[in-house]
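Below is one structure, written out as structure tokens, with a few remarks after it.
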Amino acid sequence: PAAPPTAAAKQPSDGPQALTGFGSHVQSEALPGALPWHNSPQRCPYGLYAEQLSGTAFTAPRARNQRSWLYRIRPSVQHSRFVEVEAPGIVGDFSSATVDPNQLRWAPFPLPESRGATFLDGLRTLAGSGDAASRSGLAIHVYGFDADMPGAMYNSDGDMLIVPQQGTLLLQTEMGRLRVEPCEVVVVPRGVKFRVRLEAEGGAEGGAGDGAPAGARGYVLEVFKGHFELPQLGPIGANGLANARDFVYPTADFEDLEGEVTLHNKFMGRLFACTLGHSPFDVVAWHGNYAPFKYDLRRFNCINSVSFDHPDPSIYTVLTCRSDEEGTALADFVIFPPRWMVMEHTFRPPYFHRNAMSEFMGMVYGAYDAKKGFRPGGASLHSAMSAHGPDEATFRAASTADLEPVKFTAGLAFMFETSLMLKLTRFAMETPALEEEYASCWSGLPKVFDGVTREVDAERFRSAPSWGDVLAPRRKPGETHLGGGGGVGTKDRGYFLHLRGAHALLHNPSQEARRRPEAVLPGEGQK
């Protein structure tokens, strides 16, 4: 792509002039009087062009209608013809993606091996469902980059919620600039042009230059239908969780620059590019309720139980995107922030669970309170109805802990939860970051039940042998044969269930064992 025109750029600011208030109809002008008193005057102040950006249909209910009016130096229509370009990391068609019900976890995704990767270069799709063409579904991506975007991009497919894990992002958008650091998130709505740069050490723009950090890494949730909104509070009341006043919108900040700029358009899961003869960030004034916004997760007003039981994770929802089914989200953005845990008579970590929703988790910093080995920059996926929960060490510790009030400050994890069943991309299944032995974290969970003792003391939980130790005497070297049914030469579908290391393997004499076999119920004759 062509380099952008060179010019001194204002540093982003979230200071006293920042626009705040989730969903508010706000207005901003970079020159006095640039905003006209009505939307589309015959001649706009300063000779600007009036352009409406619609985020919903004209006839959407007023409470959900989203649009903004932009007053810019040149209209957006002034560009060359779009041409499709390669985007090897972006997947938009999930029809042939991998189906895998297993619990999956990834180590921290590596940063680019060579210098010069931009946000767009480093965007990699992990999972998704549906498609942008029918305005249904979503996609989950990760990114890693170390260089500034020379041009700009917009996404015709949906809104993007960006969660930085490493490196501070400097977003230049049509409506203005936003600085987004780890522990903050930013939402860029469908169609809004933006550029991502990396803040160097010391607070300047720099990408991979001197003083720059090793690179930026993070996560992206893209929804193909609807927009993110605040969850309903119900009996919580009028206040709590993510408060509307803490959401920040950019203020008008324009460039009047001429020169060739490449503009990318993500359209139906594919990438197209055109050229402009001027900066796309030439909006001198704007007003409306459709604009990028950011939120500081450290301002989240966490609600928790003060009596007993671990509340459902929906109590930690920051933003939601509703589906067509009442009370069920297309996607929820949920965090597990520092918080006090004071529940009595309670297993305090997240409970063992099988969920109608699919749960994708990431880690911003620190450690997760339900599992060892979940590291910042990594991820996990527990698909719909795939069992999950605390690992053995966490289970034993939580079952025997003294239940004093404890403040959890060890880390910040988050979850993209969706009502959809997700398919996995080739990148997700072939990246070296995929942890093949992840499911073994549950293999040693002890059997404490004996059918006699009802009130089990803590010592029993501490001393109960791991399940793997119970099986050890019966194992052959490297493998234990637990049983089978049917067999070669019979009309029954024969199989045998083995334990090899920490994995259950399903062997069918008539076919090769699957790489990740599904668990099955015993067949006829199985004991």
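Just so you know, residue 1 is the first one in the sequence shown, and it goes up from there.
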For this session: Kindly write out the residues that satisfy ring-ring contact (aromatic ring centres under 6.0 Å, His included) with F224, not counting sequence neighbours, or none if the list is empty.
Result: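 Checked F224 against ring-ring contact (aromatic ring centres under 6.0 Å, His included); zero matches.
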
side-chain hydrogen bond (donor to acceptor under 3.5 Å, both in side chains) partners for [X], two or more places apart:
| X | value |
| --- | --- |
| S383 | none |
| K225 | D324 |
| E359 | H353, N355, H388 |
| T394 | D391 |

Problem set entry | With E181 via side-chain contact (heavy atoms from CB on, under 4.5 Å) - residues at least two apart |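 Scan of E181 (side-chain contact (heavy atoms from CB on, under 4.5 Å), adjacent residues dropped) gives T168, R179, E184, R298.
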
For this session: Using side-chain contact (heavy atoms from CB on, under 4.5 Å) as the criterion, list what pairs up with A244, not counting sequence neighbours.
Result: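 Applying side-chain contact (heavy atoms from CB on, under 4.5 Å) to A244 gives F22, L230.
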
Would you give me the side-chain donor-acceptor pairs under 3.5 Å for residues 151-159, sequence neighbours excluded?
residue : atom : partner : partner atom : Å
Y154    : OH   : N265    : ND2          : 3.3
N155    : OD1  : D157    : N            : 2.8
N155    : ND2  : G158    : O            : 3.3
N155    : ND2  : E222    : OE2          : 2.9
S156    : OG   : N265    : OD1          : 2.7
D157    : OD1  : M268    : N            : 2.5
D157    : OD2  : K266    : NZ           : 2.8
D157    : OD2  : M268    : N            : 3.3
D157    : OD2  : G269    : N            : 2.8
D159    : OD1  : R190    : N            : 2.8
D159    : OD1  : H227    : ND1          : 3.3
D159    : OD2  : H227    : ND1          : 2.7

Give the table of side-chain donor-acceptor pairs shorter than 3.5 Å for residues 327-338, with sequence neighbours excluded, one pair per line with atom names and distance.
residue : atom : partner : partner atom : Å
D332    : OD1  : T320    : OG1          : 2.5

Tell me which donor-acceptor pairs under 3.5 Å the side chains of residues 366-381 have, and how far apart each pair is, sequence neighbours excluded?
residue : atom : partner : partner atom : Å
D369    : OD2  : R339    : NH2          : 3.0
K371    : NZ   : G389    : O            : 3.3

Exercise. Taking only residues two or more places apart in sequence, or in another chain, which ones meet D131 in a salt bridge (charged side-chain N to carboxylate O under 4.0 Å, His left out)?
Worked result: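 Not a single residue meets the salt bridge (charged side-chain N to carboxylate O under 4.0 Å, His left out) criterion with D131.
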
For this session: Check salt bridge (charged side-chain N to carboxylate O under 4.0 Å, His left out) between R64 and all other residues, then give those that pass, not counting sequence neighbours.
Result: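 Expected list: none.
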
